[in-house]
Amino acid sequence: MDKIYRFSSNRQIALNSAEGKASTLPIFVCFSCNTKTRFVNWQGYKTGNGGIKLNLVECSALPPHLRDLNPSQLEAVRHYTGPMLVFAGAGSGKTRVLTRRVASLVIDRKVSPSRIMAVTFTNKAASEMRERLEKLLGKRRAEQLWISTFHSACLRILRAHYKELKYRSNFVIYDQDDSISLIRRILKDMGASDATKRTARLCLGAIERAKNDNIDVDSFSYNPLFYNFSIDLRDVYKLYQKQLFEANAMDFGDLLMKTVRLFSENPSILEAYQRRFLFISVDEFQDTNRVQYIFLKLLSGKTQNLFVVGDDDQSIYGFRGADVAHIKKFKEDYPSAHIVMLEQNYRSTQNILDVANSIIKVGKKGNVKTLWTEREGGDPIFTYVAEDEEEEASFVADKINALVGEGRYKYGDFAVFYRVNAQSRAIEEAMLNEGIPYRIYGGVRFYDRKEIKDIIAYLRLIVNENDDHAFLRVVNTPPRGVGSITVGRLIEEGKKCGSLFHCARKAERSAGLKAFVSLIEELREFSRDAELEAIVRTVIEKSGYDAMLNSSKDEQSQSRLENLQELVFVAMSYRDVGKEAIQAFLDNVTLISAQDRHSSEGGDSSKGHVSLMTLHVAKGLEFPVVFLTGFENGLLPHIRSIEEGNFEEERRLCYVGVTRAKDILFLTRAETRGLFSSGFFREISPFALSIPDDKLEDLSGDFKGYAA
DNA sequence: CTTCCTGCCGTTTTT
DNA sequence: CGGCAGGAAG
């Protein structure tokens, strides 16, 4: 077995006798000088005093795809087989390690790229990784790799095996909005006293949690005292699954749960995938939930070649069922796993790291990772207290313009983070005022807009007439004389004849309904072999959506029309024709993450744009200059999180934010904020209190002034 | 059946 | 503040 030792000028690793067992084997020693790593092959043997004496055997440079790795990263990459856990701090090059390992498998190990799966946290991370690998492996080989999120990977598998699950082809995916209105209908049906959106969301939350834990209808149980309403949550879950199935639809949780179920109920299918995927790697492993872990365990069952990379300090998706305990579980389930720690941070200055460490260290017992960097010193962390959120935003905008004015940075180097999406509005306005180009990631998403969702509902109805939710959404949008009474009657009858659309076809009474049915059928006929762009354009026109918006005096109509134009533009990039095109489009629309979507843009973008995003979206990214806004108690630990006992997760969220910064970090807070009740006086975030004062430079003079 | 108005609620984070 | 749901009028 090869063993690699780090041997750099400023830090020398001790070669003790325990490791010296490898003395008759070749030992690789790496000299690290900035980014180029020399790869030197030594032969070592034990000396009398327990140390190792090294003899130079041969010298060679590393292969190109490993050349810019640092010694500890190299160690992680070059252990080829078996389970492996890379326990890596912020900015230690986790994703780089993962990418290079995939490249190394293909190049050094001659593994066929079609037999490697790499799971990333977001679709954006997946496409970035694919881009890198295209450069290292060439386009043809990179295309064969399975690089995707858990959800996309499962969707791909399910699309190939929908029959085993008794689904029909062209099943659709329901997003949270779809699910909530479905549950509302179920609640009303069951005669629940309270069928509001709020209750529906509560029910969906419970169901989602169950699915994250791979608990299906039969084994589902809950605490009825917690949900103090009349109906039985188990019945809701049961009906929900039944209606999803009848609508030929799945929700997000189903994608994973049904894949796991497919595997456990059909050993031959599982075996085929086990044989196919010789190597599986997972990024951001700390945010893996139970059903995802089961998926990984099943898939890697044969080869055990599971390579996971994660940082327990950056676990921030607990609300989605993510559990750091899976890192521990991994060590137990794979006792032979190699474990590599990456503690060097290649991103931030020492000052930024000190602040990050001071935040994360509090309340942690033992086993603390200590990150270090060669970027000593650096700028202090700047702090600022604003009167309100608007002043905070204009402070940010001023600083950005000042720094750009100095010529050191361009707009693309800046990021502004916040805890909740609602905070983006004030910042957005300040950016517009100062003429700063910006982009909001997440927030009110393009595909969440009403007009877009309506057109998408039409598309869904075209490929799948059983999609009752889509039916209800657009049957009277634009208005065609099908009101709540007609719809109510239809739902009553719908219980007998399957889907609502089926039922509507038979209903002769309502002229509006007849018009709707023939509209959809006409559109379906048209879509048979048309290009996606033409399909979308036709839907917008023939449905009367176009006319409705054009004749409306509402000011929003113009921007709605523009959004629809944008949708047509997006559709142009799809090559397929007919149903397949719509299918691919719909899959993308529901699965692509907030990071891929920019909802608004301002100014010209020749110098890039400032990125505005929530702390959650910021995970995995880095920026030279970072503004962390709303550093207030109740907001950055968010009050709801505190109430639910997730205080520590908020601390990690804060840590994630701070460690995104390469050079300069600003922490800002406002004394009042109109966000909740206005005029409410806000005190500083408790996370600020552990930061040593000598690392801070306070631009307002009282950043910590109001601390309790 | 649609539209408009009023009042109330709620206001984390996301694949 | 803003969005949405439900009710009354047109």
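Just so it is clear: chains get the letters A, B, ... in the order the sequence lines come, proteins before strands, and each one is counted from 1.
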Chemist: Going by 5.5 Å between centroids and 30° between planes, is there a stack of A:Tyr317 over B:dT13?
Modeler: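 Base of B:dT13: not stacked against A:Tyr317.
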
Chemist: Identify whether the distance between the nearest side-chain nitrogen and carboxylate oxygen of A:Arg652 and A:Asp312 falls below 4.0 Å.
Modeler: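 Answer for the salt bridge query: no.
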
Chemist: In this structure, how many angstroms lie between the P atom of B:dT13 and the NZ atom of A:Lys619, rounded?
Modeler: 16 Å

Chemist: Ion pair present between A:Asp216 and A:Lys211, side-chain N to carboxylate O less than 4.0 angstrom?
Modeler: no

Chemist: What does A:Glu644 touch in the nucleic acid at a heavy-atom separation under 4.0 angstrom: a base, only the sugar-phosphate, or nothing?
Modeler: base

Chemist: Cut-off 3.5 Å, side chains only: do A:Ser179 and A:Tyr240 have a donor facing an acceptor?
Modeler: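 Distance-only check passes for A:Ser179 and A:Tyr240.
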
Chemist: Report the nucleotide, chosen from B:dT14, C:dA5, B:dT13, that has the shortest atom-to-atom distance to any side-chain atom of A:Arg184.
Modeler: C:dA5

Chemist: Please tell me which of the listed nucleotides, B:dT14, C:dC1, B:dT12, lies nearest to the side chain of A:Arg425?
Modeler: C:dC1

Chemist: Tell me whether the OP1 or OP2 atom of B:dT12 has a side-chain N or O from A:Thr614 closer than 4.0 Å.
Modeler: no

Chemist: Nearest-nucleotide wise, let me know which of A:Asn476 and A:Arg640 is further upstream toward the 5' end of DNA chain B.
Modeler: A:Asn476

Chemist: Does a side-chain N-to-carboxylate-O contact under 4.0 Å join A:Lys124 and A:Glu128?
Modeler: yes

Chemist: Look at the side chain of A:His151 and the base of B:dT15, then say whether one donor and one acceptor between them are separated by less than 3.5 Å.
Modeler: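 Present.
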
Chemist: In whole Å, what is the span from the CG atom of A:Leu635 to the P atom of B:dT13?
Modeler: 10 Å

